Amino acid sequence: MEKKWKIETAAVQGGYAPGNSEPRVLPIYQSTTYKYDTCEEVAKLFDLEAAGHMYTRISNPTVEALEKKMAMLEGGIGAMATSSGQAATMIAVMTICTAGDHLLAASTLYGGSFSLLKTTLKKFGIDVTFVDPELSLEELKTYIKPNTKGVFAETIGNPGLNILDFEKFSTLAHDNVVPLIVDNTFPTPYLCRPIEHGADIVTHSCTKYTDGHATSVGGMIIDSGKFNWANGKFPEMTTPDESYHGVVYVRDFKEAAYITKARVQLLRDVGAAMSPFNAFLMNLGLETLPLRMERHSQNALAVAKWLEGNDKISWVVYPGLESHPTHDLAKKYLPDGCSGVLTFGVKGGTEAGEKLIDNLNLIALVVHVADARSCVLHPASTTHRQLSEEEQIASGVKPDLIRFSVGLENIDDIIDDLANALEQI
Ligand SMILES: *Cc1c(COP(=O)(O)O)cnc(C)c1O
């Protein structure tokens with residue numbers, strides 16, 4: 001029955017269905033552990049022969065409800081929450097890549113993902129090639145190697161705001177029988193559902209619009225259940241896992257092989273679990289996701305148009321603007337809105353931009369995006385600071401770029417604050 005719900009209904013009621021006289025609202029199960037009557041039952045849990053919670057590092061009822069809701073929203077068969085978006089990216093990749101493997105990734109990724117893939121995964125022997133996502137399919141194919149195990153990209157690049165050409169990227173991945181992993185943080189499943197466009201695995205930083213109120217850090221991995229892991233390229237999926245008495249993921253968990261391995265192997269060993277309290281807050285946030293994303297998108301488009309018409313602004317990038325290079329892709333994949341983040345530059349460059357930021361009042365300077373309160377950031381001196389200037393340009397960060405996360409305040413007040421700050425330059 002739940003499967004047929006429209007997205008607004010799933011956002012409010014998905015994932016948790018109380019029985020008679022049970023709490024109407026998802027409870028916080030603030031417990032590390034679970035009680036069992038017999039040793040035999042616990043043994044079965046450890047052998048993965050029975051379903052159930054054994055320890056909160058691996059699963060927890062509050063976290064599980066959030067996972068079920070996210071899987072429902074994204075159209076996946078299962079999901080796994082993590083302690084952060086970074087942990088979601090790392091586990092998403094490490095579930096299929098091991099030392100000696102290769103991954104192809106868009107160069108326009110969020111700075112944190114870029115450094116994780118470039119530096120930390122390299123230390124584990126996983127080699128990542130970053131490619132310009134605007135290259136043609138033929139050009140992209142030349143970067144695929146025999147040991148390539150996946151293709152990774154974002155629906156909306158952060159902060160370049162380029163829209164992913166799903167058709168091109170899913171063809172690239174599937175012609176080479178590897179999965180397409182898509183970070184869907186910025187659009188959220190309300191504006192875009194990557195699985196419907198060929199993605200096999202979806203990741204999120206739930207810290208952003210999922211929570212939506214800037215209260216908690218968290219992440220999520222969603223499994224489409226559609227990828228054929230038994231195609232010969234993923235021996236860890238089809239051969240016995242000695243750490244689980246010879247469990248064979250594809251044989252024993254069928255279409256849930258990937259998400260099961262992510263949990264019982266990587267989450268168990270790495271320990272990057274989401275806390276039940278954060279899952280409670282994320283779930284509360286999701287209840288209003290459709291309303292929030294609609295308004296974030298409306299407000300951002302209005303701000304983008306206003307900035308485009310202001311003569312102190314040198315450029316504006318927002319996928320909802322006709323001037324945007326991937327506007328056609330935005331219309332195709334994000335027909336209901338392009339989310340709340342835009343970028344712009346002020347005439348007078350970095351110095352004028354910094355002045356603008358200092359003069360803002362309602363709109364705060366914070367190291368965050370994608371919550372209810374409008375905020376700005378200068379990525380070149382903050383989030384992308386560790387990248388070289390060349391890498392910054394490749395990831396879409398111009399030196400004068402100001403990233404603006406448009407909140408849920410009244411649009412008149414947001415524009416007043418901008419106008420006032422611009423006047424003082
Ligand atoms: C913030 C962000 C991340 C990292 O998430 P954290 O929750 O901060 O670890 C990953 N991808 C994108 C697109 C992000 O914006």
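As the structure is a prediction and not an experimental result, all values here were calculated from the model. Below, all heavy atoms of this structure are taken into account, side chains as well, without hydrogens, waters or symmetry copies. Just so you know, ligand 1 is whichever comes first in the structure, and atom 1 is the first atom listed for that ligand.
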Ring-ring centroid check Phe227 Tyr258, cutoff 6.0 Å: no
Atoms in ligand 1 with a heavy atom of Gln86 nearer than 4.0 Å: 4 (C), 5 (O), 6 (P), 9 (O)
Close-contact set for ligand 1 against Ser84 heavy atoms, below 4.0 Å: 7 (O), 9 (O)
side-chain hydrogen bond (donor to acceptor under 3.5 Å, both in side chains) partners for Lys254, two or more places apart: none
Within-shell test, Gly218 vs ligand 1, heavy atom, strictly < 4.0 Å: yes
Check: Glu308/Ser323 side-chain N/O donor and acceptor closer than 3.5 Å: yes
Aromatic plane relationship, Phe166 with Tyr333 - under 30° parallel, 30 to 60° tilted, over 60° perpendicular: perpendicular
Heavy-atom proximity to atom 6 (P) of ligand 1, best of Gly219, Ser83, Gly85: Gly85
Geometric N/O contact Asn158 with ligand 1, under 3.5 angstrom: yes
Tyr110 N/O to ligand 1 N/O under 3.5 Å: no
Ignoring hydrogens and angles, write down the donor-acceptor pairs under 3.5 Å from the side chains of residues 146-158, residues two or more places apart or on other chains.
unit_1 : atom_1 : unit_2 : atom_2 : d
Asn147 : ND2    : Gly100 : O      : 2.9
Thr148 : OG1    : His102 : ND1    : 2.7
Thr148 : OG1    : Lys145 : N      : 2.7
Thr148 : OG1    : Lys145 : O      : 3.0
Lys149 : NZ     : Asp101 : OD1    : 3.1
Lys149 : NZ     : Asp101 : OD2    : 3.4
Lys149 : NZ     : Lys233 : O      : 3.3
Glu154 : OE1    : Tyr110 : N      : 3.4
Glu154 : OE1    : Asn158 : N      : 3.0
Glu154 : OE2    : Tyr110 : N      : 2.7
Thr155 : OG1    : Asn184 : OD1    : 2.9
Asn158 : OD1    : Arg403 : NH1    : 2.9

Closest protein heavy atom to atom 7 (O) of ligand 1, given as residue, atom name and distance to 0.1 Å: Thr207 OG1, 2.6 Å
